[in-house]
Amino acid sequence: MRVLAAMSGGVDSAVAAARAVDAGHDVVGVHLALSRMPGTLRTGSRGCCTIEDSRDAWRAAEKLGIPYYVWDFSERFKEDVVDDFIAEYEAGRTPNPCMRCNEKIKFAALLEKALALGFDAVCTGHYARVDRDADGHPELHRASDWAKDQSYVLGVLTEAQLEHCLFPLADAPTKAAVRAEAAERGLSVAKKPDSHDICFIPDGDTVGWLAEKIAMEPGEIVDETGATVGEHAGAQAFTVGQRRGLKLGRPAADGKPRFVLSIEPKQNRVTVGPERLLAVDEIRGIRISWAGRPIPDAVVDPATGASARFPVLAQVRAHGDPVPATAQVVTGDDGDHRLVVILDESLRGVAPGQTVVLYQGTRVLGQATIDTARSLAAV
RNA sequence: UCCGCCCUGGUGUAAUGGCAGCACCCCGGCCUUUGGAGCCGUGGAGUCUAGGUUCGAGUCCUAGGGGCGGAA
């Protein structure tokens with residue numbers, strides 16, 4: 001196959017590219033430039049797409065003896081990821097930019113260009129597996145190393161995208177083994193720290209960064225009874241489940257910490273309360289996508305406007321535990337499909353804008369963007 | 001303008017006259033391809049003021065300041 005290896009400049013994508021070469025593919029390395037302005041991405045151990053990273057990727061490509069290019073996707077990245085990130089926070093929601101990037105950039109803009117240039121697949125260093133069912137349709141599964149498994153952030157991929165994905169690290173036993181392999185191969189990035197945090201926020205100060213993009217107004221922080229307990233500099237800077245940074249002068253009567261329960265940007269109000277009020281067991285999602293063929297139970301019956309109810313494992317954060325649940329696709333008033341997930345056990349800190357990914361065993365069924373999350377017990 | 005109770009980090013509270021503790025909060029670290037959460041820390045911050053008793057005072061005494069409460 002002709003394979004385009006996306007090389008971030010980190011260990012994983014370098015080893016993945018190396019494995020693709022070993023597998024006999026015709027590999028070309030490409031690094032995505034996501035910002036034209038130096039200093040607007042996290043650097044050093046933090047970011048994933050800086051100038052230094054492109055140099056690391058280039059050195060790795062050279063070591064592997066493959067052609068190497070840098071493609072500028074800064075425009076698309078700004079429109080589809082950064083601007084979306086800002087708009088979501090403005091609306092009082094909590095976006096997941098990494099998923100947007102996978103959905104719109106790495107496996108969309110990049111993949112489209114690769115296919116147009118005659119490549120058969122895009123190879124990345126994600127820890128996830130693509131299997132084929134009996135009919136040859138792709139299925140997305142968790143990686144062997146559950147500790148590093150990244151199938152959650154790939155839950156947005158569609159069947160068409162999965163058709164062209166190559167994840168050579170699917171069977172990597174551990175991250176340490178990947179690093180060891182990188183060292184053996186003489187890759188200079190073997191000991192490079194993992195990337196984390198949001199790549200386009202240079203110093204990791206998300207609130208400070210948002211404050212420059214969004215007009216924020218001071219407002220009230222109220223508790224679950226409606227009593228004013230403090231004030232904030234802008235409701236958009238908060239997220240459901242947040243504990244730190246509330247700067248409430250007075251502790252709660254019971255001396256327990258308080259968490260953000262909800263954000264109402266229109267009223268510019270933030271509501272806080274005790275941990276138990278964070279528990280939710282019904283999650284409703286919009287913008288559903290299926291990672292491969294939807295399972296038969298998830299197909300909406302035109303007669304009823306709803307699918308069957310089917311058992312799943314629901315995961316609401318990249319490294320959260322999946323919890324048993326029952327899912328159903330229903331048709332909303334606007335004709336759009338909605339995902340309704342009833343959890344067997346409640347979860348805390350589920351913020352609108354985040355992503356719920358559905359699994360059955362190791363298989364990723366699909367995902368939806370969380371629209372609402374609530375407790376079914378009377379409030 | 002008589003009597004009683006109270007005053008401890010930013011906040012809420014502990015301490016038979018014997019090292020001022022706990023919680024919230026804040027800060028730092030760990031974790032993490034999102035936000036948060038979680039975990040760790042010898043981290044930050046306090047006895048209203050002035051005297052007195054005592055080997056030793058947050059604690060007892062006196063005066064002052066501040067806050068509650070008392071059918072005249």
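A note on names: the letters A, B, ... follow the listed sequences, proteins ahead of strands, and every chain is numbered from 1.
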When we call it a touch if two heavy atoms are under 4.0 Å apart, what does A/R100 touch: a base, just sugar-phosphate, or nothing?
nothing
Could you tell me how far B/rC5 sits from B/rC39 if I compare only their C1' atoms? Round to whole Å.
44 Å
Would you classify A/F85 as touching base, sugar-phosphate or nothing, given that sugar-phosphate means primed atoms plus P, OP1 and OP2, and contacts are heavy atoms under 4.0 Å?
nothing
Starting from P on B/rU32, measure out to CG on A/D12 and report it in whole angstrom.
12 Å
In this structure, how many angstroms lie between the C1' atom of B/rG35 and the CD1 atom of A/I86, rounded?
15 Å
Just the rounded figure in Å: distance from P of B/rC26 to CG of A/L248.
8 Å
Kindly assign one of parallel, tilted or perpendicular to the pair A/F85 and A/Y89, based on the angle between their ring planes and the thresholds 30° and 60°.
perpendicular
cation_pi(A/R142, A/W146) dist<6.0 Å, angle<=45
yes
How far, in whole Å, is B/rC19 from B/rC3 if one measures between their P atoms?
35 Å
What's A/L246 touching, base or sugar-phosphate or nothing? Going by heavy atoms closer than 4.0 Å.
sugar-phosphate
Out of B/rC26, B/rU34, B/rG12, which has the shortest distance to the side chain of A/K247?
B/rC26
What are the two closest heavy atoms between A/I221 and A/L246, and how far apart are they?
CD1-O, 3.8 Å
Inter-nucleotide C1' distance (B/rC6, B/rU13), Å rounded
14 Å
When A/A318 and A/R348 are each assigned the nearest nucleotide of RNA chain B, the 5'-most assignment goes to A/A318
Over 60° means perpendicular and under 30° means parallel, so tell me whether A/F167 and A/F107 are parallel, tilted or perpendicular.
perpendicular
Options B/rG36, B/rU11, B/rU34, nucleotide nearest the side-chain atoms of A/H196:
B/rU34
What nucleic acid atoms does A/Q354 come within less than 4.0 Å of, heavy atoms only: base, sugar-phosphate, or nothing?
base
Measure the distance from CZ on A/R244 to C1' on B/rG35 and round it to the nearest whole Å.
15 Å
note: A/K256, atom NZ; B/rC24, atom C1'; distance rounded to Å ~ 11 Å
With sugar-phosphate meaning primed atoms plus P, OP1 and OP2, does A/G320 contact a base, only sugar-phosphate, or nothing at under 4.0 Å between heavy atoms?
nothing
Look at the side chain of A/H232 and the backbone N and O of A/N268, then say whether any donor-acceptor pair between them is shorter than 3.5 Å.
yes
Measure from the side-chain heavy atoms of A/H319 and tell me the nearest of B/rG35, B/rG12, B/rU32.
B/rU32
If you only use heavy atoms from C-beta on, which nucleotide in B/rG35, B/rU11, B/rC25 is closest to the side chain of A/P257?
B/rC25
Identify the nucleotide, in any strand shown, that forms a Watson-Crick or G-U wobble pair with B/rA37, with both distances under 3.5 Å; if there is none, say none.
none
Taking any heavy-atom pair under 4.0 Å as a contact, classify A/V240: base, sugar-phosphate, or nothing.
base
Please state the P separation for the pair B/rG41 and B/rC22 - nearest whole angstrom.
12 Å
Between B/rG36 (C1') and A/R317 (CZ): distance, integer Å:
7 Å
Who pairs with B/rC26 - Watson-Crick or G-U, where each distance is under 3.5 Å
B/rG43
Counter-base of B/rG51, judged by Watson-Crick or G-U geometry with both distances under 3.5 Å:
B/rC61
Provide, to the nearest angstrom, the distance between the CD1 atom belonging to A/I370 and the P atom belonging to B/rG36.
16 Å
With distance as the sole criterion, do the side chain of A/R243 and the base of B/rG36 form a donor-acceptor contact below 3.5 Å?
no
By the 4.0 Å heavy-atom rule, please label A/G349 as base, sugar-phosphate, or nothing.
base
Please tell me which of the listed nucleotides, B/rU34, B/rC24, B/rG38, lies nearest to the side chain of A/F259?
B/rG38
Using a 3.5 Å distance criterion without hydrogens, assess whether the side chain of A/R179 forms a donor-acceptor pair with backbone atoms of A/A190.
yes
Gap in Å between the two C1' atoms, one belonging to B/rC40 and one to B/rU34, rounded
24 Å
Answer with base, sugar-phosphate or nothing: what part of the nucleic acid does A/K175 contact at a heavy-atom distance below 4.0 Å?
nothing
Single hit among A/L343, A/D344, A/I342, A/V350 for side chain to side chain contact (heavy atoms under 4.5 Å, CB included) with A/D281:
A/L343
Between B/rG58 and B/rG18, how far apart are the two P atoms, rounded to whole Å?
10 Å
Whole-angstrom distance between B/rC31 and B/rG38, as gauged at atom C1':
9 Å
What's the separation between atom NE2 in A/H31 and atom CE in A/M7, rounded to the nearest 0.5 Å?
10.0 Å
Specify the separation, in whole Å, of atom CG of A/D197 and atom P of B/rC30.
11 Å
Pairwise 5' ranking along RNA chain B for A/A351 and A/D254, keeping only the more 5' one:
A/D254
Say you pick atom C1' in B/rG10 and the same atom in B/rG4; how far apart are they, in whole Å?
31 Å
Taking any strand in view, what nucleotide pairs with B/rG4 in a Watson-Crick or G-U wobble way, both distances under 3.5 Å?
B/rC68
